[in-house]
Amino acid sequence: MKAHLTELLFLAVKQITDCNDSSIIVFERPKIINHGDFSTNICLVLSKKLKKSPRALAAMILEKIPTSDLISNIEIAGAGFLNFFLSSKANNKIINDILNSKDSYGKNKTGNNKKIQIEFVSANPTGPLHVGHGRGAAIGDCLARLFETSGWVVTREFYYNDAGEQINNLMHSVKASCQKIPTDDPRFPTDGYHGEYINEIAKAFLSMKTIDCQGVKIKASGKIEDTKSIQEFSIAYLRKEQDLDLIAFKTKFDVYSLESSFYKDGKVEKVVDSLIKEGHTYEKDGALWLKTTNFGDDKDRVMKKTDGTYTYFIPDVTYHLDKWERGFKKVINEQGADHHSTISRVRAGLQGLNKNIPKDWPEYVLHQMITVIKGNKEVKISKRAGSYLTLRELIDEVGCDATRYFLAARRPDSQLVFDIDLAKSQNNDNPVYYIQYAHARISKVLEQWGGDISTLKLDESFIFDSNVELKLIKSISIYPEIVLQATNELAPHQIANFLKECAADLHSYYNNSKFLVEDEKIKMARLSLINSTKYVLKNGLQLLGIEAPPQM
RNA sequence: CUGCCCGUAGCUCAACUGGAUAGAGCACCAGUUUUCUAAACUGGGGGUUACAGGUUCGAUUCCUGUCGGGCAGGCCA
């Protein structure tokens with residue numbers, strides 16, 4: 001439709017200017033229904049160049065636009081906007097198009113089957129997942145669904161930092177717990193983890209439990225001095241817990257990458273050698289430094305510590321080189337904003353390898369921190385302090401659908417306040433139920449009608465004339481554009497907002513009109529409209545990973 | 001002190017990357033069910049978009065400065 005309008009308008013514009021580039025024509029979807037279905041600011045853009053007032057220019061262009069049976073009217077408005085109103089024929093075409101496309105309405109092929117890798121959650125296996133990880137899971141998974149809908153081949157990936165200092169801390173914490181050392185005892189590791197889950201791991205370890213994690217069975221030796229077994233068992237235990245959390249959150253991954261594997265196969269060493277060879281390193285204070293300042297960082301960073309081990313970002317660089325070598329030209333990392341400083345380091349490391357990796361690769365989506373409030377008090381999300389709200393608790397209390405909605409419905413770069421009491425007590429006022437209810441209402445009407453839904457088709461000559469109907473038609477016709485935009489801008493929250501508005505339009509329509517009326521022609525038209533709305537709601541909810549129940 | 005993100009109704013958040021009269025929900029007030037689910041709908045009040053400048057036809061959006069909040073600035077991740 002947009003292409004059709006652009007073509008028509010360009011024919012007119014060409015007669016007035018010598019411009020040969022149709023990309024100067026931009027159509028927008030006006031917010032206000034009186035401003036039509038499409039609007040363009042072309043006259044405002046051209047007025048300066050042609051030294052004519054925008055409104056006069058608009059009049060000239062308007063005269064030269066060819067007629068089309070898809071357009072009912074074109075108006076000049078405001079400072080010189082051209083507002084296009086679609087004809088009933090165009091509207092009916094959209095509805096029939098949705099009825100034909102069904103579950104694939106909203107899909108597009110802009111991805112062209114290209115590969116994309118999306119890394120998200122990537123929590124350290126040092127504790128259960130908390131609300132912050134939930135936000136990452138919700139946003140990352142929705143992004144993946146968006147790219148799939150836009151024709152990309154998506155790989156969802158989880159990276160485990162299962163090596164390094166934090167894992168040592170974990171092991172020592174569990175060991176201390178096995179020895180019944182209280183957390184406030186001076187013998188308890190200073191940087192240790194304090195949560196109750198540490199005691200549970202210790203108990204399971206001492207009773208020599210076996211953990212089945214990702215198809216591998218790990219058995220605890222039960223011996224307190226066997227630090228290797230404690231470490232192995234603790235990681236397996238927590239990975240298993242995290243897997244269960246993710247299942248409860250309906251989030252799946254295609255690939256799990258382990259930091260430890262990059263040490264085992266020697267890739268970390270290779271990256272370090274390569275960085276040294278390319279001349280981006282130097283020794284100082286007994287450590288090896290990477291000149292990240294060569295690539296825009298504000299100071300150089302240690303890559304090899306005096307004790308011979310590497311800092312975290314070297315395995316990170318290795319991992320990203322691995323992604324690049326697996327052929328992912330497009331990679332998105334979804335992370336918490338507290339990791340933003342790694343961006344410049346990872347990119348600097350990749351540049352230092354001299355492999356022609358683009359400077360802005362990989363892309364990042366950073367979500368801001370969450371403040372959790374319960375009983376008007378902030379709940380601190382701190383693993384070490386132990387007082388900590390897990391994702392699982394949240395799902396149990398609020399439900400998976402609502403949790404996903406709340407966490408995905410906000411711009412990633414806004415800090416969000418998650419009020420547990422509100423999410424819980426407000427069950428019925430929750431936006432997700434509002435949207436699901438709209439879907440359920442349609443389902444029920446169609447059920448009561450009792451006809452064969454697959455035969456629903458809108459008569460080309462039918463004219464919808466009420467404002468609630470026109471508003472709803474406009475709403476559902478925008479859906480494919482919203483999907484594309486949300487994908488391009490890496491902004492899943494736009495889907496959530498759209499669905500809320502679409503549901504509102506449906507509810508207005510429902511309260512305003514009766515569908516199962518005597519007049520067969522009107523009945524079929526209205527059923528066609530709400531059935532196409534049903535597909536939009538269902539497809540949109542699917543993008544968010546939320547159920548579309550037939551009844552509530 | 002330096003870098004990144006943010007500041008919009010009493011509260012939680014939008015605003016199509018510069019568009020028209022800044023919109024929703026919650027809360028508050030007043031209405032709507034003999035009719036397909038009232039988990040809904042209709043109407044009302046509530047704003048100097050933190051503040052001060054600048055850029056232009058046009059700024060919540062871009063630039064500069066100030067104030068305020070969050071996160072980083074580990075040989076932790």
Side-chain angles (χ1 to χ4, degrees), chain A residues 28-32 34-35 39 41 43-45 47-48 53-54 77-81 83 122-124 126 161 164-169 191 259 285-289 297-299 301-313 315-316 336-344 366-369 371 406 409-419 422 426-431 433-434 436-438 440-449 468 478 481-482 485-486 488-489 491 493-494 496-498 500-501 503-504 506-517 527 530 551-552:
Chain A
E28 288 179 347
R29 290 291 201 163
K31 292 176 226 173
I32 299 167
N34 294 337
H35 292 161
S39 157
N41 62 352
C43 305
L44 296 161
V45 175
S47 71
K48 195 169 192 184
S53 88
F81 293 95
N83 295 338
S122 293
N124 293 348
T126 52
N161 289 106
E165 213 35 49
Q166 298 301 331
I167 296 299
N168 270 331
N169 281 339
D191 287 327
E259 179 184 1
D285 305 332
L288 188 65
W289 295 67
D297 204 352
D298 53 351
K299 58 178 159 186
R301 309 287 169 176
V302 168
M303 54 188 274
K304 191 175 189 178
K305 298 184 258 181
T306 46
D307 68 1
T309 61
Y310 298 112
T311 54
Y312 71 93
F313 81 93
D316 263 10
D338 52 342
H339 289 96
H340 69 81
S341 59
T342 71
I343 297 176
S344 57
L366 298 180
H367 65 258
Q368 294 293 319
M369 301 292 95
T371 310
F406 267 91
R410 309 248 186 278
R411 262 165 62 228
D413 56 10
S414 76
Q415 298 170 32
L416 81 81
V417 176
F418 199 111
D419 187 329
L422 200 76
Q426 264 195 346
N427 258 354
N428 293 347
D429 295 319
N430 205 312
Y433 295 113
Y434 182 82
Q436 289 178 325
Y437 183 43
R441 274 182 145 177
I442 298 171
S443 303
K444 204 56 188 286
V445 172
L446 292 170
E447 191 190 312
Q448 298 219 351
W449 168 57
V468 278
I478 289 174
E481 295 164 36
I482 300 285
Q485 189 181 310
N488 292 336
E489 295 179 13
H493 74 279
Q494 293 182 356
N497 289 329
F498 164 80
K500 218 164 74 180
E501 275 169 39
L506 185 279
H507 285 307
S508 289
Y509 187 29
Y510 188 99
N511 277 61
N512 177 277
S513 319
K514 194 166 157 63
F515 307 125
L516 300 173
V517 291
L527 289 177
I530 60 168
Q551 61 177 29
M552 294 181 71

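As the structure is a prediction and not an experimental result, all values here were calculated from the model. We name chains A, B, ... by the order of the sequence lines, and we start the count at 1 in each one.
Between the side chain of A/N497 and the base of B/A14 there is no donor-acceptor pair of N/O atoms closer than 3.5 Å. Applying the 3.5 Å distance criterion, the base of B/C75 shares a donor-acceptor pair with the side chain of A/T306.
OP1 or OP2 of B/A15 has at least one side-chain nitrogen or oxygen of A/H493 nearer than 4.0 Å. Side-chain nitrogen and oxygen atoms of A/R441 include none within less than 4.0 Å of the OP1 or OP2 phosphate oxygen of B/A39. Residue A/Y509 places no side-chain N or O under 4.0 Å from the OP1 or OP2 atom of B/C36. Checking the phosphate oxygens (OP1, OP2) of B/A14, a side-chain nitrogen or oxygen of A/S414 falls inside 4.0 Å. Taking side-chain N and O atoms only, A/K31 has a distance below 4.0 Å to OP1 or OP2 of B/A20. For A/S508, a side-chain nitrogen or oxygen approaches OP1 or OP2 of B/U42 to under 4.0 Å.
Ring orientation note: the planes of A/F515 and A/Y509 are nearly perpendicular, at an angle over 60° on the 30°/60° scale.
Protein atom OH of A/Y312 is 7 Å distant from nucleotide atom P of B/G73, rounded to whole Å. In this structure, A/R410 places its CZ atom 17 Å from P of B/A24, rounding to the nearest Å. Distance A/K299 NZ to B/C1 C1': 12 Å, rounded to the nearest Å. Rounded to whole angstrom, the span from the CG atom of A/N169 across to the C1' atom of B/A77 amounts to 11 Å.
Stacking between A/H35 and B/A20 is present: the aromatic ring centre lies within less than 5.5 angstrom of the base six-membered ring centre, and the two planes differ by under 30 degrees.
With hydrogens and angles left out, the side-chain atoms of A/H367 and A/R410 include no donor and acceptor closer than 3.5 Å.
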**OP:** Whenever both distances are under 3.5 Å in a Watson-Crick or G-U wobble pair, mark it; put RNA chain B into dot-bracket that way, with [ ] for crossing pairs and | when the partner is on another strand.
**Re:** (((((((..((((.....[...)))).(((((.......))))).....(((((..]....))))))))))))....
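Looking at A/D307, its side chain does come within 3.5 Å of a backbone N or O of A/T309 through a donor-acceptor pair. When atom types are taken as modelled, the side chain of A/H507 and the backbone of A/Y434 share a donor-acceptor pair closer than 3.5 angstrom.
Contacts of A/D298 with the nucleic acid, taken as non-hydrogen atoms under 4.0 Å apart, are absent.
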